[in-house]
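Per chain, numbering begins at 1; letters A, B, ... match sequence-line order.
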Amino acid sequence: MAIQRPKGTQDLLPGAVEQWQYLEETIRSVCREYGYEEIRTPIFEATELFQRGVGQTTDIVQKEMYTFLDKGDRSMTLRPEGTASVCRAYVENKLHGQPQPVKLYYMGPMFRYERPQSGRFRQFHQFGVEVLGADQPLVDAEVISLVWNLYQRLGLTKLEVHVNSVGCPVCRAKHREQLQEFLALRRNELCDDCRDRFETNPLRILDCKNQSCQTITKGAPTTLDTLCENCKTHFEKVQDLLEEAGVVYRVDSRLVRGIDYYTKTAFEVMVEEIGAQSAICGGGRYDGLVEEIGGPPTPGIGFAMGIERVLTALQVQHKLPEGKPRLYAMLIALGEKAQSKGFSLLSALRVQGMPVSMDLQGRNLKAQLKAANRQGAHYALILGEEELERNVVLIRDLTLGEQTEVPLAEAVETLNEKYRRGV
RNA sequence: GUGGUUGUGGCGAAGUGGUUAACGCACCGGAUUGUGGCUCCGGCAUUCGUGGGUUCAAGUCCCAUCAUCCACCCCA
């Protein structure tokens, strides 16, 4: 049996790649406009980075990492997300010595050992942004507005931006306590999953999809109820600024993020229509993370966006540009001599920046014309024995079905002139 | 990790126990010697994910296995 690609991975064939490039280019230009610079970190890191950064108790660390021992017996892990690496790089390269804040973005593959489903892969791709070294609400708002504007630029509609504050470690502990207290009496009525969550992550019970759990949690204290003064004013300011920026959002006090490092602002963007995994972007503030992985106390905020999910959203909303690159001209050479002569004509045209091609299999005239037509070539340049003898080439306009004869020596100039005029 | 779905040529898709496995698209070739897009003609699965089993007979039934897709969980 032939070898197949690993479960949960994809081959991106021509046709799909153009769509990726379009998305990537749009992302890059928005980042440029916001003053963010790209960072590229290794695709694998010391396992400990993620254990400490993402959090020992998270599903990601407990059951989803691609971890292996290298030949020197070091435990390595294929990165499951990007934030920990960026923070590590910030510390390791002493970026705290540069003017703060440092505004970075990254794009690339991430790896998580999960059961694939729609919108979920084992190798998937994220675009993410991280701002290190500033704790002002203005930063939170800028980051969210970047996401918003990117989606506007792409033409996405029916977006839901959810914003919440999970507070600092102090308010969070307080909330957890109050929530457990609230739920304690009706603990046995919760669904199986939620009974587990009661201990591990009671916050998650708040956004359980189970109908009965939802009624039980009605009136439960939310993270917003227990915010300290500082966190509260921070969150209010963020909201004011989002209004300023024209971001359409909704406060969702039940929004919970699944990674340990989040503090204060948390947000998520969802689109229906792309299946159960509807979050196309998730992020928030993580003021304790840099210190957690051994750096100086440094506030940070960022988000990650699933490229595959954004692409399917664009697909279902028909917002992807049409676009296979078209050939300008196809050289049709008949016979070996014509092939060599034509080959040199081709390179002369390519130097001018024209997308041109030729048959590489020595097929007959008819087959070559057919191929030229299929590839959407505007012109066919016919060069056979007869033309060769007379030192000319036929320029056939495939849309009009007309052809003219020009001296070989003038072919480049003639075509270049047409190409510049866009005909 | 749990539950369900599907698995026939490059793609889409008939076929629900009985001789040589429809059809469409794509692809390749041809319709007077060197002119495409339309049309016509021809070619293109010794084989039905894989391995077993039942049967006189299996793509069609049974078991196993692999893969796929979807959902839960979790996340982007």
Residues in side-chain contact (heavy atoms from CB on, under 4.5 Å) with A/Asp287, at least two apart?
A/Thr263, A/Lys264, A/Arg285, A/Pro299

Counting primed atoms plus P, OP1 and OP2 as sugar-phosphate and everything else as base, spell out the protein contacts along nucleotides 2-10 of chain B at 4.0 Å heavy-atom distance: B, S or - for each nucleotide, 5' to 3'.
BB-------

Mind checking A/Ala304 for me? I need base, sugar-phosphate or nothing, with any heavy atom below 4.0 Å counting as a touch.
sugar-phosphate

Got a sec, which residues hit side chain to side chain donor-acceptor pair (under 3.5 Å) with A/Asp397, two or more places apart in sequence or on another chain?
A/Thr399

Could you pull out all residues at least two apart from A/Lys337 that satisfy side-chain contact (heavy atoms from CB on, under 4.5 Å)?
A/Leu388

Please collect all side-chain hydrogen bond (donor to acceptor under 3.5 Å, both in side chains) contacts where either partner lies in residues 381-391 of chain A, sequence neighbours excluded, each pair once.
A/Arg390-A/Glu405

Going by the rule salt bridge (Lys or Arg N to Asp or Glu O under 4.0 Å), which residues pair with A/Glu308 if we only count those two or more places apart in sequence or in a different chain?
none

Counting any heavy atom closer than 4.0 Å, what does A/Ile280 reach on the DNA or RNA strands: base, sugar-phosphate only, or nothing?
sugar-phosphate

Review item, side-chain donor-acceptor pairs of residues 161-175 of chain A, under 3.5 Å, at least two apart:
unit_1: A/His162; atom_1: ND1; unit_2: A/Asp252; atom_2: OD2; d: 2.8
unit_1: A/His162; atom_1: NE2; unit_2: A/Glu160; atom_2: OE1; d: 2.7
unit_1: A/Asn164; atom_1: ND2; unit_2: A/Thr223; atom_2: OG1; d: 3.2
unit_1: A/Asn164; atom_1: ND2; unit_2: A/Ser253; atom_2: O; d: 3.4
unit_1: A/Asn164; atom_1: ND2; unit_2: A/Leu255; atom_2: O; d: 3.0
unit_1: A/Ser165; atom_1: OG; unit_2: A/Gly167; atom_2: N; d: 3.3
unit_1: A/Arg172; atom_1: NH1; unit_2: A/Tyr262; atom_2: O; d: 3.1
unit_1: A/Arg172; atom_1: NH2; unit_2: A/Tyr262; atom_2: O; d: 3.0
unit_1: A/His175; atom_1: NE2; unit_2: A/Pro221; atom_2: O; d: 2.9
unit_1: A/His175; atom_1: NE2; unit_2: A/Thr223; atom_2: N; d: 3.4

Would you tabulate the pairs of protein nitrogen or oxygen atoms and nucleotide nitrogen or oxygen atoms of nucleotides 27-34 of chain B closer than 3.5 angstrom?
unit_1: B/C27; atom_1: OP1; unit_2: A/Arg374; atom_2: NE; d: 3.2
unit_1: B/C27; atom_1: OP1; unit_2: A/Arg374; atom_2: NH1; d: 3.3
unit_1: B/C28; atom_1: OP1; unit_2: A/Arg363; atom_2: NH1; d: 3.2
unit_1: B/G34; atom_1: O6; unit_2: A/Glu385; atom_2: N; d: 3.4
unit_1: B/G34; atom_1: O6; unit_2: A/Glu386; atom_2: N; d: 2.9
unit_1: B/G34; atom_1: N1; unit_2: A/Glu387; atom_2: OE1; d: 2.9
unit_1: B/G34; atom_1: N1; unit_2: A/Glu387; atom_2: OE2; d: 3.3
unit_1: B/G34; atom_1: N2; unit_2: A/Glu387; atom_2: OE2; d: 2.8

Does B/C72 have OP1 or OP2 under 4.0 Å away from a side-chain N or O of A/Gln277?
yes

Keeping to residues at least two apart or across chains, list the salt bridge (charged side-chain N to carboxylate O under 4.0 Å, His left out) pairs with something in residues 46-55 of chain A.
A/Glu48-A/Arg52

Of all residues at least two apart in sequence or in a different chain, which pass the side chain to side chain donor-acceptor pair (under 3.5 Å) check with A/Thr67?
A/Thr77

Quick one, which residues of residues 400-416 of chain A touch RNA chain B with a heavy atom under 4.0 Å?
A/Gly401, A/Gln403

Dot-bracket summary - RNA chain B, pairs being Watson-Crick or G-U whose distances fall under 3.5 Å, with | when paired to another strand
((((.(((.[[[..)..(....]]].(((((.......))))).....[[[[[..)....]]]]])).))))....

